[in-house]
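Notes follow the structure.
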Number of protein chains: 2
Amino acid sequence: MTRSDNIVLALSPIDEDLKLAFTVDCVIFGYDNDDLKVLTIECNMDPFMGMISLLGDFITQDEDADSAAKRILKYCTGNEDIFLEEVKSFSKPDRHPFGRVITIAFYSLVPISLTKLTDSADKHLKWVSVDEITEMAFDHKEILDNCLYQLRKSLREKPIGFELLPKKFSLKQLQTLYEVVLGIELDKRNFRRKLRSLNILIDLEERQQEVSHRPAKLYKFDEHSFEKKSSDGLKFEI
Amino acid sequence: MTRSDNIVLALSPIDEDLKLAFTVDCVIFGYDNDDLKVLTIECNMDPFMGMISLLGDFITQDEDADSAAKRILKYCTGNEDIFLEEVKSFSKPDRHPFGRVITIAFYSLVPISLTKLTDSADKHLKWVSVDEITEMAFDHKEILDNCLYQLRKSLREKPIGFELLPKKFSLKQLQTLYEVVLGIELDKRNFRRKLRSLNILIDLEERQQEVSHRPAKLYKFDEHSFEKKSSDGLKFEI
DNA sequence: GAAGATAGTGTTAAATTAACACATTATGAA
DNA sequence: TTCATAATGTGTTAATTTAACACTATCTTC
C-alpha cells in the first residue's frame with residue numbers, strides 16, 4: 001500500500017511491515033433480576049490472566065465493524081436481531097500487550113431471559129453485574145464505562161429500554177429497568193403517563209401469570225411506531 | 001501477532017500478511033459569511049481524481065486516533081486548541097481502492113476568521129460550503145453526512161457554537177449560526193433569554209466596529225462556566 | 001371473606017417554552 | 001443638524017410540559 005494522496009501529512013511514514021490489528025469489542029448488556037449485567041469472558045492471557053474481559057474479535061477481511069459485532073452477538077447468543085450501537089474507538093498505542101490493536105467498541109442490549117448462550121461459548125461466558133465490576137483485562141473497564149455512559153444517554157433519548165426485556169413486559173418492569181440503569185427514582189404515575197403519550201406500547205390484553213398478588217397487564221413494544229418516530233426525531237426524554 | 005484468547009471466535013483467521021491501514025478523517029467545519037463550510041482537499045487518485053475529499057492521515061505507531069486528528073488539525077490550521085469530537089468508524093471492506101483501510105471519523109470546529117491555512121497545505125486546501133457538496137471521493141460524502149448529523153445533535157445539547165465564531169461575537173452572530181447550521185428559525189428574544197439563563201457568556205462591554213447602524217454588544221464564551229456545567233450534565237437544548 | 005401485596009389511576013402547582021411588537025441607538029445622507 | 005435607514009435590544013402572556021403527591025382496585029393466599 002502506498003500513501004494516498006488525499007492524505008496530507010508525511011511526517012511519520014507507515015512502516016510497511018507494521019503489524020496492525022483491527023478488532024471490535026462488544027459490551028453486551030443484559031438485564032435480569034432487577035440488575036444490569038454485562039456478558040464477560042475470562043481472560044487467560046498474561047498480564048491479565050484470570051481477569052474478565054469483553055467479547056471481541058478481529059474484523060475479518062470481508063466484513064465491516066458492524067458485521068463483526070453482529071457476528072460476535074450471534075455467536076454468543078444465537079440471535080441475529082439484537083440492538084447494537086457503536087460507541088467509540090480505543091487506540092492507545094500500548095492498549096494491547098501483543099501489539100498495535102485498535103478496537104471499535106459497541107454496546108448491545110439483549111433480553112437475558114430469551115438468551116441461551118450457545119453451547120460452544122457457554123462454558124467460558126459469564127453474566128456479571130455492572131456494579132460488581134471494578135477492573136477488567138486490557139482497557140476493557142474504560143470501554144465498559146464509556147458504553148455504560150452511552151447506554152444511559154441513549155436510554156433517555158430513544159425508546160430502547162424494551163430491548164433488555166422479554167417481548168411481553170409490565171409497566172412496572174419497564175420502570176424498574178429505567179430506575180436501575182439510570183440510577184434514579186421515577187414517579188409511577190408520571191412514568192406511565194409519559195409512555196402513554198409516546199404511543200409506542202401495545203396493550204396485549206394479557207396479564208402476568210404466577211404472581212401472588214394482582215397481576216400486571218402486559219405490553220409489547222410497537223415496532224412500527226418507533227420506525228416512524230425515530231426517523232423524524234423522537235424526543236423521548238424520560 | 002497471534003490470536004488473543006479473549007477473542008472468542010475462530011471463524012476467519014486473520015492473514016498475517018494482510019495489509020491493514022488505520023486512518024482518521026476529519027470533517028473540519030468552518031463558518032464564514034453566514035455559511036457552514038468544510039475544509040477539503042482535491043483528490044488526485046483514481047478513480048476519484050479531481051473530486052474533493054476530507055483531510056485524513058494514517059494513525060502512526062506512537063499515537064492514538066485522537067492525536068492523529070489533532071495532528072491533522074494543527075498541520076492545516078496551525079492551531080492546537082480546536083474542538084474535536086469522534087463520530088464513528090467507517091470500515092466497509094471495499095471503501096478504499098488501495099486495500100483494507102479503516103477510518104475513524106472526527107469533526108472539528110474552527111473559527112475561519114482566526115485560521116490561516118498553513119503555507120505548506122494552503123495551496124491544496126479549500127473551504128467549500130456544505131450545501132454545495134453533492135459528492136466526494138471515497139465514502140467521504142457519507143462521512144460528512146454523519147458528522148453533520150452529529151454536529152447538529154451536539155449543537156443542541158452542548159454549548160459549542162462559539163467554537164465556530166471569533167473570540168468576540170454578537171448575539172446576533174451566534175443566533176444566525178444556530179439558524180444556519182440547524183436549518184431552523186429562532187425567536188430573537190427567546191434565544192437571548194435562553195443564553196442569559198445559561199450563564200455561559202461574558203459581556204465584554206465592547207461594541208462592534210465599522211457597521212453602518214447601531215453596533216451590537218460583544219460577548220465571549222465563559223470557559224469556566226462550561227467546564228463546571230458540562231461535568232454535571234448541562235442541558236443546553238436550543 | 002379477610003389480609004396481604006402490588007397494580008393502577010387524576011389533579012394541581014411549578015417550570016419551561018412559544019408566540020408576539022415596539023422602542024433604542026448608531027450611521028450616513030440630505 | 002436633522003431625518004431616514006438599519007440594525008440592536010427588550011417584556012408579557014398563553015400554552016405546554018414536568019413535578020409532586022395519595023388513594024382505590026384487583027388478584028392471591030390463608
Side-chain angles (χ1 to χ4, degrees), chain A residues 33-34 155-159 161 165-166 168-180 182-220 229 232-238, chain B residues 33-34 155-159 161 165-166 168-180 182-220 229 232-238:
Chain A
N33 221 350
D34 295 351
L155 197 59
R156 286 174 164 279
E157 291 174 355
K158 298 177 286 195
L165 293 176
K168 303 175 178 188
F169 52 85
S170 68
L171 292 178
K172 168 68 172 171
Q173 277 179 291
L174 188 59
Q175 183 182 338
T176 304
L177 183 147
Y178 274 89
E179 292 179 328
V180 166
L182 297 177
I184 57 178
E185 290 210 337
L186 296 169
D187 180 89
K188 182 160 56 160
R189 281 166 292 188
N190 292 342
F191 181 80
R192 284 163 186 245
R193 177 173 35 253
K194 182 72 183 186
L195 275 153
R196 226 175 291 135
S197 76
L198 288 171
N199 264 344
I200 53 181
L201 293 186
I202 295 176
D203 184 341
L204 290 170
E205 315 276 357
E206 270 180 79
R207 289 181 173 273
Q208 269 177 332
Q209 305 285 318
E210 296 164 23
V211 284
S212 68
H213 51 80
R214 176 179 182 177
K217 286 173 85 173
L218 293 175
Y219 296 82
K220 70 171 185 182
K229 290 192 174 167
D232 60 68
L234 171 61
K235 208 174 143 189
F236 195 59
E237 276 300 338
I238 292 238
Chain B
N33 221 350
D34 294 352
L155 197 59
R156 285 175 164 280
E157 291 173 355
K158 298 177 285 196
L165 292 176
K168 304 176 179 187
F169 52 85
S170 68
L171 292 178
K172 168 69 172 172
Q173 277 179 292
L174 188 59
Q175 182 181 338
T176 304
L177 183 148
Y178 274 89
E179 292 179 328
V180 166
L182 297 177
I184 56 177
E185 290 211 335
L186 295 169
D187 180 90
K188 182 161 55 160
R189 280 166 293 188
N190 292 341
F191 181 80
R192 284 162 187 245
R193 179 173 31 254
K194 181 73 182 185
L195 275 154
R196 228 176 289 137
S197 77
L198 289 170
N199 264 344
I200 53 180
L201 293 187
I202 296 176
D203 183 340
L204 290 169
E205 315 277 358
E206 270 178 78
R207 289 178 174 275
Q208 268 177 330
Q209 305 286 317
E210 295 165 23
V211 283
S212 69
H213 52 78
R214 178 178 182 177
K217 285 172 88 174
L218 292 175
Y219 296 81
K220 71 172 183 181
K229 291 193 174 167
D232 60 67
L234 171 63
K235 208 173 146 192
F236 195 60
E237 277 300 340
I238 293 244

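Residue numbers start from 1 in every chain, and the chains themselves are labelled A, B, ... in the order their sequence lines are given, proteins ahead of strands.
Considering CG of B/Asp187 and CZ of B/Arg193, their distance stands at 8.0 Å, rounded to 0.5 Å. Rounded to the nearest 0.5 Å, atoms CD (B/Gln173) and CG (B/Asp34) are 8.5 Å apart. With values rounded to the nearest 0.5 angstrom, A/Glu205 atom CD is found 9.5 Å from A/Arg207 atom CZ. For the atom pair CG (B/Leu218) and CD1 (B/Ile202), the distance works out to 13.5 Å, reported to the nearest 0.5 Å. Taking CG from A/Leu201 and CZ from A/Phe169, the interatomic distance works out to 5.0 Å, rounded to the nearest 0.5 Å.
Side-chain N/O atoms of B/Arg214 and base N/O atoms of C/dA26 include no donor-acceptor pair closer than 3.5 Å. Donor-acceptor pairing under 3.5 Å, judged by distance alone, is absent between the side chain of A/Lys217 and the base of C/dG8. Contact of A/Arg189 with D/dA22 (side chain to base): a donor-acceptor pair of N or O atoms is detected under 3.5 Å.
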### Worked verdict on B/Tyr219 versus B/Leu165 for side chain to side chain contact (heavy atoms under 4.5 Å, CB included)
CA-CA 11 Å; B/Tyr219 296 81; B/Leu165 292 176; over 6 Å; no
### Task
For the pair A/Glu157 and B/Glu157, evaluate side chain to side chain contact (heavy atoms under 4.5 Å, CB included) and give the outcome as yes or no after the intermediate values.
CA-CA 11 Å; A/Glu157 291 174 355; B/Glu157 291 173 355; 3.0 Å; yes
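Rounded to 10 degrees, the angle separating the terminal axes of the helix from C/dG1-D/dC30 to C/dA30-D/dT1 is 0°, with each axis obtained from five end pairs.
Between A/Phe191 atom CZ and C/dG8 atom P there is a gap of 13 Å when expressed in whole angstrom units. If you measure from atom CG of A/Leu171 to atom C1' of C/dG8, you get 9 Å, rounded to the nearest angstrom. Between B/Asn190 atom CG and C/dA15 atom P there is a gap of 19 Å when expressed in whole angstrom units. Protein atom NZ of B/Lys194 is 8 Å distant from nucleotide atom C1' of C/dT17, rounded to whole Å. Atom CZ in A/Arg192 sits about 16 Å away from atom C1' in D/dC21, given to the nearest Å. Going from atom NZ of A/Lys188 over to atom P of D/dA25 covers 14 Å, rounded to whole Å. When rounded to the nearest whole Å, the span between CD of B/Gln175 and C1' of D/dA7 equals 13 Å. One can place NZ of B/Lys172 at 17 Å from C1' of C/dA26, the figure rounded to the nearest angstrom.
Both B/Pro215 and A/Asp187 lie close to DNA chain D; mapped to their nearest nucleotides by heavy-atom distance, the more 5′-ward contact belongs to B/Pro215.
Out of D/dT12, D/dG9, D/dA20, the shortest distance to the side chain of B/Arg207 is found at D/dG9. Picking from D/dC27, D/dT29, D/dG9 the nucleotide with the shortest atom distance to the side chain of A/Ser212 gives D/dT29.
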